[in-house]
Each structure stands twice: as C-alpha cells, then as structure tokens.
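The next block holds one structure in the form of structure tokens; read it before the comments.
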Amino acid sequence: MEQSALDPILVGQVLAEYRQAKGLSQEVVSGLAGIGRTHLSAIERGERKPTLETFYRICQALGVSMSQVAASIEEKISN
C-alpha cells in the first residue's frame, strides 16, 4: 500500500483561507497562537509543516475546530 504525504502547500492554503475569511492579519493570528509571524507565514506558504500542537493553536486562534479545518483540507484533496 503506497502512502502519500500531505501536501504542506494545501494545508497552508486552507489555513490562510480561514484567516482571511475571518479578516485577521498574520500578526494577530500568530500572536493569539503564540507563534512567530514568520513561522505562520512559512506555514501558509507551505514552506513549513505545522506540528499537531501548532495546528491546534492556529485553529484555536482562528476560532475553528481542528476537525473543521481537517475536513476542508480533505475536501480539497478529493477535488
């Protein structure tokens, strides 16, 4: 069984879409999540993969559940 990796660009794109839909800046979200703005920027560009902890913190900062964001990622994968 071949295992495919999760595309970090797709993950970042979905997180950026949620952030933009909420009208929040990277500065605000990174501050609420307790991570650096450059770290968040790198995640949104797909240059870095968030750990589960960081993913959780970003989702909390955005006011959405991890499962909701994961479902959005899975939806994009299947399209």
Side-chain angles (χ1 to χ4, degrees):
M1 181 167 114
E2 187 178 322
Q3 194 172 19
S4 61
L6 184 59
D7 183 0
I9 293 173
L10 186 64
V11 173
Q13 183 182 58
V14 169
L15 288 170
E17 287 171 1
Y18 273 95
R19 179 181 58 75
Q20 292 162 357
K22 299 266 184 177
L24 299 172
S25 68
Q26 286 181 339
E27 194 72 40
V28 168
V29 173
S30 63
L32 291 171
I35 63 173
R37 191 203 59 75
T38 54
H39 186 183
L40 178 60
S41 177
I43 290 169
E44 288 188 357
R45 291 191 314 270
E47 294 173 3
R48 295 188 68 174
K49 291 182 179 181
T51 63
L52 191 57
E53 175 69 25
T54 300
F55 185 71
Y56 173 76
R57 289 170 157 199
I58 293 169
C59 291
Q60 289 289 295
L62 292 170
V64 295
S65 69
M66 289 173 61
S67 60
Q68 185 178 346
V69 177
S72 296
I73 292 167
E74 287 179 329
E75 187 178 309
K76 284 191 180 277
I77 291 170
S78 64
N79 288 343

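Positions are given from 1 along the sequence.
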Roughly how far, to the nearest 0.5 Å, is CD of Glu74 from CG of Asn79?
12.0 Å
Smallest separation among heavy atoms of Ala33 and Ala61, with atom names:
N-CB, 3.9 Å
Check for a donor-acceptor pair, side chain of Arg19 on one end and backbone N or O of Leu24 on the other, with a separation under 3.5 Å.
yes
Please give me the minimum heavy-atom distance between Ser72 and Val14, naming the atom from each residue.
CB-CG1, 3.8 Å
Looking only at non-hydrogen atoms, find the nearest pair between Lys22 and Leu62 and report the distance.
CE-O, 3.1 Å
Partners meeting side-chain contact (heavy atoms from CB on, under 4.5 Å) with Ile9 (sequence neighbours left out):
Asp7
By the definition side chain to side chain donor-acceptor pair (under 3.5 Å), identify the one residue from Gln26, Gln13, Gln20, His39 that meets it with Glu44.
Gln26
Step through the shown structure and confirm whether more than 12 heavy atoms of other residues, nucleotides or ligands are within 6.0 Å of CD on Glu75.
no
Leu15 side chain near Leu40 side chain, heavy-atom distance below 4.5 Å:
no
Which atoms form the tightest heavy-atom contact between Met66 and Tyr56, and what is the distance?
SD-CD1, 3.3 Å
For Arg45, all residues meeting side chain to side chain donor-acceptor pair (under 3.5 Å), sequence neighbours excluded
Ser41, Glu47
Taking all non-hydrogen atoms of both residues into account, name the closest pair between Ile77 and Leu10 and its distance.
CG1-CD2, 3.3 Å
